[in-house]
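Comments concern the structure below.
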Protein chains: 2
Amino acid sequence: MVKVKDLPENTLNRLVIYLKVLDNLEKKRIDSISSDELARRCGVNSAQLRKDLSFVGNLGTKGVGYSVKTLKYHLKKFLGRDHEWNLVLGGLSPLGEYLLSNKNLQRDGFYFMAAFDIREENIGKIINGVSVYNLEQLSYVTKAINVDMAVITCEETPEIYYEAFAKHNIKAILNLSPLPFFPESKEIQVENFSFIFALTKLSYFLKNLKQS
Amino acid sequence: MVKVKDLPENTLNRLVIYLKVLDNLEKKRIDSISSDELARRCGVNSAQLRKDLSFVGNLGTKGVGYSVKTLKYHLKKFLGRDHEWNLVLGGLSPLGEYLLSNKNLQRDGFYFMAAFDIREENIGKIINGVSVYNLEQLSYVTKAINVDMAVITCEETPEIYYEAFAKHNIKAILNLSPLPFFPESKEIQVENFSFIFALTKLSYFLKNLKQS
DNA sequence: AAGTGTGAACTTTTTCACAGCT
DNA sequence: AGCTGTGAAAAAGTTCACACTT
């Protein structure tokens with residue numbers, strides 16, 4: 001078996017951006033675009049964009065450029081966005097409630113099937129059609145439906161949810177709690193994000209701007 | 001003037017993680033830690049951690065390790081988190097309302113001073129003590145108070161807010177709208193994030209997991 | 001003529017491995 | 001003896017520049 005060189009993390013980040021920007025171009029009824037122009041709109045240079053796209057396939061036409069529709073189609077497929085995914089939520093914070101109520105996620109193929117919490121007063125609530133169960137009932141839910149991903153939105157102790165989800169064979173986790181964590185196993189993928197992270201990067205930038 | 005080698009983006013990302021993990025260690029009353037152990041908790045290897053910290057200073061003690069408290073102190077200072085920042089919000093979506101109501105941001109030194117929208121029905125609302133103004137009134141606010149950062153949480157057309165903020169000399173922007181954008185000028189720093197981005201990275205991971 | 005796809009050159013980042021301090 | 005800080009080596013990622021296709 002030939003070992004295919006795997007996708008660099010930053011290339012993945014950029015491909016996700018290209019997809020979103022293409023989606024927007026399609027809405028604006030733009031049919032065709034060059035790597036130069038698309039790169040400009042994505043904040044990268046065109047050689048980078050072409051190299052990134054070469055991981056996906058030969059999608060352009062020499063001398064012409066890219067078809068917005070075709071490129072979007074192949075990117076979606078490459079990124080696993082050509083079909084729907086089932087999600088569960090762990091930790092019913094205000095952020096969790098926001099996500100359960102957010103219709104945009106469904107429009108992009110991400111469906112919350114159930115939510116879990118450990119606080120008795122939350123169990124049994126129904127938010128935008130999604131029921132909140134006790135975390136101990138996770139086995140029943142994973143037996144009944146196929147769960148692809150979990151989103152953790154608790155405000156503390158994300159480990160409790162992480163361990164339960166990992167034990168039930170959920171391999172992809174978006175951790176939006178304030179505390180990042182990192183799986184031992186490479187079988188499980190965790191994306192950590194918090195608003196404080198993003199704001200801290202900006203505070204670093206501003207501090208250095210003022211000094212120079 | 002000697003050009004100091006500037007901080008790689010990924011190093012910055014990791015420093016932000018180290019800070020948060022140290023914060024948690026301090027809460028757990030752990031006084032001292034080795035690079036090996038801290039690296040493990042941050043999902044990196046210890047050489048990487050030590051190299052990253054060398055951008056901040058000589059903060060450890062050979063043969064001993066790092067003082068949690070001291071390291072946290074220096075990291076906070078290095079990242080510009082040793083004082084408070086004034087924020088404004090653009091686009092009063094449910095996500096925007098969530099952020100305005102979120103007390104954790106204040107605890108970490110990020111204060112929303114005002115919010116802006118372009119829809120008449122939202123103007124004049126007060127959310128968690130923060131008033132919503134018409135975007136056209138931005139000049140009055142920026143004259144009255146020093147605005148450091150802006151957070152865009154509209155559900156479409158982020159450019160409208162971006163242009164207004166840039167024109168009023170706001171240099172750091174967190175864009176949480178679905179559409180990423182990239183400033184022409186390097187004087188302005190934009191962080192783009194959306195939940196769909198993060199979930200798409202997970203969908204790519206799952207797609208490839210299943211194939212192998 | 002225009003613009004992609006890609007080896008090769010270059011640059012940056014990561015990891016290694018050990019001198020040096022406690 | 002133990003663990004940091006850091007040059008040097010290795011690996012990875014980016015940019016260049018041009019052959020090639022439409």
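The basis for the numbers below is simple: all heavy atoms, side chains too, and nothing from hydrogens, waters or symmetry mates.
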| Is Lys207(A) close enough and on-axis enough to Phe78(B), meaning under 6.0 Å and within 45°, for cation-pi? | yes
| Glu9(A) has an atom CD; how far is it from atom P of dT14(D), in whole Å? | 11 Å
| query | In this structure, which one of Leu92(A), Leu87(A), Leu105(A) forms a side chain to side chain contact (heavy atoms under 4.5 Å, CB included) with Leu100(A)? | reply | Leu92(A)
Give the table of side-chain donor-acceptor pairs shorter than 3.5 Å for residues 19-28 of chain B, with sequence neighbours excluded, one pair per line with atom names and distance.
| from | atom 1 | to | atom 2 | distance (Å) |
| --- | --- | --- | --- | --- |
| Asp23(B) | OD1 | Lys72(B) | NZ | 2.9 |
| Glu26(B) | OE1 | Lys72(B) | NZ | 2.6 |

| task | Grab the CZ-P distance between Phe55(A) and dT6(C) for me, whole Å please. | result | 11 Å
| said: From CG of Asp52(B) over to C1' of dT4(D), roughly how many Å is that when rounded to an integer? | reply: 14 Å
With the criterion being N/O to N/O and under 3.5 Å, what pairs connect the protein with nucleotides 6-10 of chain D, and how long is each?
| from | atom 1 | to | atom 2 | distance (Å) |
| --- | --- | --- | --- | --- |
| dG7(D) | N7 | Lys51(B) | NZ | 3.4 |
| dG7(D) | O6 | Lys51(B) | NZ | 3.3 |

| said: It should be established whether Tyr66(A) places a side-chain nitrogen or oxygen under 4.0 Å from OP1 or OP2 of nucleotide dG5(C). | reply: yes
| What integer distance in Å separates Asn13(B):CG from dT12(C):P? | 18 Å
| task | Report which part of the nucleic acid Leu59(A) touches: base, sugar-phosphate, or nothing (heavy-atom distance under 4.0 Å, all strands). | result | sugar-phosphate
| Partner residues of Ser34(B) under the side chain to side chain contact (heavy atoms under 4.5 Å, CB included) criterion, sequence neighbours left out | Asp36(B), Glu37(B)
| query | What integer distance in Å separates Leu7(B):CG from dT13(C):C1'? | reply | 12 Å
Atom pairs under 3.5 Å, N or O on each side, protein against nucleotides 19-22 of chain D: can you list them with distances?
| from | atom 1 | to | atom 2 | distance (Å) |
| --- | --- | --- | --- | --- |
| dT22(D) | O4' | Lys62(A) | O | 3.4 |

| query | Going by heavy atoms in the side chains, are Lys103(B) and Asn128(B) under 4.5 Å from each other? | reply | yes
| Rounded to the Å, how far apart are Gln48(A) CD and dT11(C) P? | 16 Å
| Leu209(B) side chain reached by Glu187(A) side chain, heavy atoms, under 4.5 Å | yes
| note | Between CG of Asn45(A) and C1' of dT4(C) the distance, given in whole Å, is 14 Å
Considering only distance and modelled atom types, tabulate donor-acceptor pairs under 3.5 Å from the side chains of residues 151-159 of chain A, sequence neighbours left out.
| from | atom 1 | to | atom 2 | distance (Å) |
| --- | --- | --- | --- | --- |
| Thr153(A) | OG1 | Gly91(A) | O | 2.5 |

| task | Determine whether more than 12 heavy atoms belonging to other residues, nucleotides or ligands lie under 6.0 Å from atom OH of Tyr73(B). | result | no
| field | Residues, nucleotides or ligands: over 12 heavy atoms within 6.0 Å of Glu136(A) CD | value | no
| query | Taking DNA chain C as the partner, which of residues 29-37 of chain A come within under 4.0 angstrom of it by heavy atom? | reply | Ser34(A), Ser35(A)
| query | Do you know the tightest heavy-atom contact between Ala150(A) and Ile170(A)? | reply | N-CG2, 3.8 Å
| query | When the distance from CG of Leu71(A) to P of dG3(C) is rounded to whole Å, what number comes out? | reply | 16 Å
| query | Phe195(B) vs Phe193(B) aromatic rings, parallel, tilted or perpendicular, using cut-offs 30° and 60°? | reply | perpendicular
